[in-house]
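Have a look at the structure below, then the notes.
Naming: A, B, ... by sequence-line order, numbering from 1 per chain. Just so it is clear, the structure is predicted and the values come from calculations on it, not from any experiment.
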Number of protein chains: 2
Amino acid sequence: MVVDGLTDETVDRLFHALADATRRDILRRCVRGELSVSRLAEAYPMSFAAVQKHVTVLERAGLVTKQRCGREQLVRTDPDAVDRARQALDELETAWRSRVDRMSGLLADDAGSDAGSDAGTAAGSGDDKEPTEGQDR
Amino acid sequence: MVVDGLTDETVDRLFHALADATRRDILRRCVRGELSVSRLAEAYPMSFAAVQKHVTVLERAGLVTKQRCGREQLVRTDPDAVDRARQALDELETAWRSRVDRMSGLLADDAGSDAGSDAGTAAGSGDDKEPTEGQDR
DNA sequence: CTAACGTACAACCAAATGGTTGTAGATGGA
DNA sequence: TCCATCTACAACCATTTGGTTGTACGTTAG
């Protein structure tokens with residue numbers, strides 16, 4: 001399932017980090033990268049440590065970076081990270097688009113070229129399920 | 001923070017559902033909507049009940065729908081759902097783009113003045129910060 | 001009718017999450 | 001120097017998650 005260099009784990013961390021309103025809000029705030037963690041923490045009804053943990057989650061997902069500045073740690077959102085998330089969505093869409101295309105190819109059964117030669121695929125007809133990437137029982 | 005009719009909870013569920021490799025795989029498989037839950041379950045190294053739970057998570061996130069067909073329950077991915085996820089990402093990006101724009105507006109305005117003073121604008125004058133709307137969880 | 005299949009759901013468990021408090025190490029300012 | 005601030009991290013707790021098994025129920029095939 002690795003397509004764009006985005007491993008499953010990477011995508012897991014990405015979406016998991018995005019699946020929390022507080023963290024999304026942190027992302028919105030930190031584009032200009034001038035907020036320290038404690039400054040950030042003032043904005044939320046939770047402890048400093050809690051916000052620190054959220055930042056860590058975002059950091060491990062590659063969504064923000066921290067830059068030491070004196071005794072402060074400035075948090076900055078990485079704009080490319082959102083593109084990576086978008087990439088993951090595109091990958092999903094592409095994956096099933098290809099499935100649909102394969103399907104309509106069978107349905108159309110067009111006179112064109114070697115369409116008939118994939119009889120092997122057609123013979124399987126109902127069976128488009130590969131044995132699940134490696135998973136076995 | 002509700003912009004496109006996408007509430008925080010909706011986005012939470014969306015991204016949370018996407019933050020699992022098994023669930024993403026289910027999404028890829030179910031575009032054609034011809035797989036029953038048990039058929040699906042055969043593909044994964046886990047129990048039927050576990051897969052059922054994954055499908056439920058996807059369903060509550062609006063990523064798939066189930067359609068009863070005899071004694072089977074056919075699972076179908078909703079292609080629009082991915083657009084909704086994309087929308088959420090766009091919303092994020094737009095949010096901070098507007099921040100950056102506001103910023104460059106300031107810069108353009110008075111090129112000579114201290115760029116550092118607006119640190120106070122961002123954090124200090126913080127009507128900008130709602131105390132984290134929603135706080136679901 | 002009966003047996004097999006597909007589903008739903010409850011109860012249970014280990015591990016991860018999201019939060020808390022407390023402690024300790026750097027850093028900067030008086 | 002001393003003190004306040006910012007950060008890091010550990011320990012702890014309640015809840016959620018992701019998995020299991022078991023049971024019950026509707027539907028289809030024989």
State the CZ-CD distance between B:Arg86 and B:Glu93, to the nearest 0.5 angstrom. 12.5 Å
OP1 or OP2 of C:dA10 sitting under 4.0 Å from any side-chain N/O of B:Lys53? no
Are OP1 or OP2 of C:dG19 and a side-chain N or O of A:His54 less than 4.0 angstrom apart? yes
Pairing of A:Arg24 and A:Asp20 as salt bridge, 4.0 angstrom limit: no
Answer yes or no: does a side-chain N or O of B:Gln52 lie under 4.0 Å from OP1 or OP2 of C:dT7? no
State plainly whether the residues B:Asp25 and B:Arg29 are in salt-bridge range, i.e. N to O under 4.0 Å. yes
With a 4.0 Å cutoff (strictly under), does any side-chain N or O of B:Ser47 reach OP1 or OP2 of D:dT20? yes
Candidate nucleotides C:dG6, D:dG19, D:dC6, ranked by approach to the side chain of B:Glu72 - the nearest: C:dG6
Would one find a side-chain N or O of B:Thr22 under 4.0 angstrom from OP1 or OP2 of D:dG18? no
Is A:Arg68 close enough to D:dT7 that one of its side-chain N or O atoms is under 4.0 Å from OP1 or OP2 there? no
Whole angstrom is fine here: how far is it from CD in B:Gln67 over to C1' in C:dT7? 16 Å
Test side chain to side chain contact (heavy atoms under 4.5 Å, CB included) applied to A:Arg28 and B:Glu91, step by step: CA-CA 10 Å; A:Arg28 291 193 204 93; B:Glu91 184 191 323; 4.2 Å; yes
Between A:Arg23 and C:dG18, does any side-chain N or O lie under 4.0 Å from OP1 or OP2? yes
Would you say A:Gln73 places a side-chain N or O within less than 4.0 Å of OP1 or OP2 belonging to D:dC6? no
Which is more 5' along DNA chain D, the nucleotide nearest B:Val57 or the one nearest B:Ala49? Just name the residue. B:Val57
Separation of atom CZ in A:Phe48 from atom P in D:dA8, rounded to whole Å: 7 Å
Give the nucleotide from the list C:dG19, D:dT7, D:dG18 with an atom nearest to the side chain of B:Asp20. D:dG18
Where the side chain of B:Ser36 is defined as all heavy atoms beyond and including C-beta, which of C:dT7, D:dG18, D:dA4 is the nearest nucleotide? C:dT7
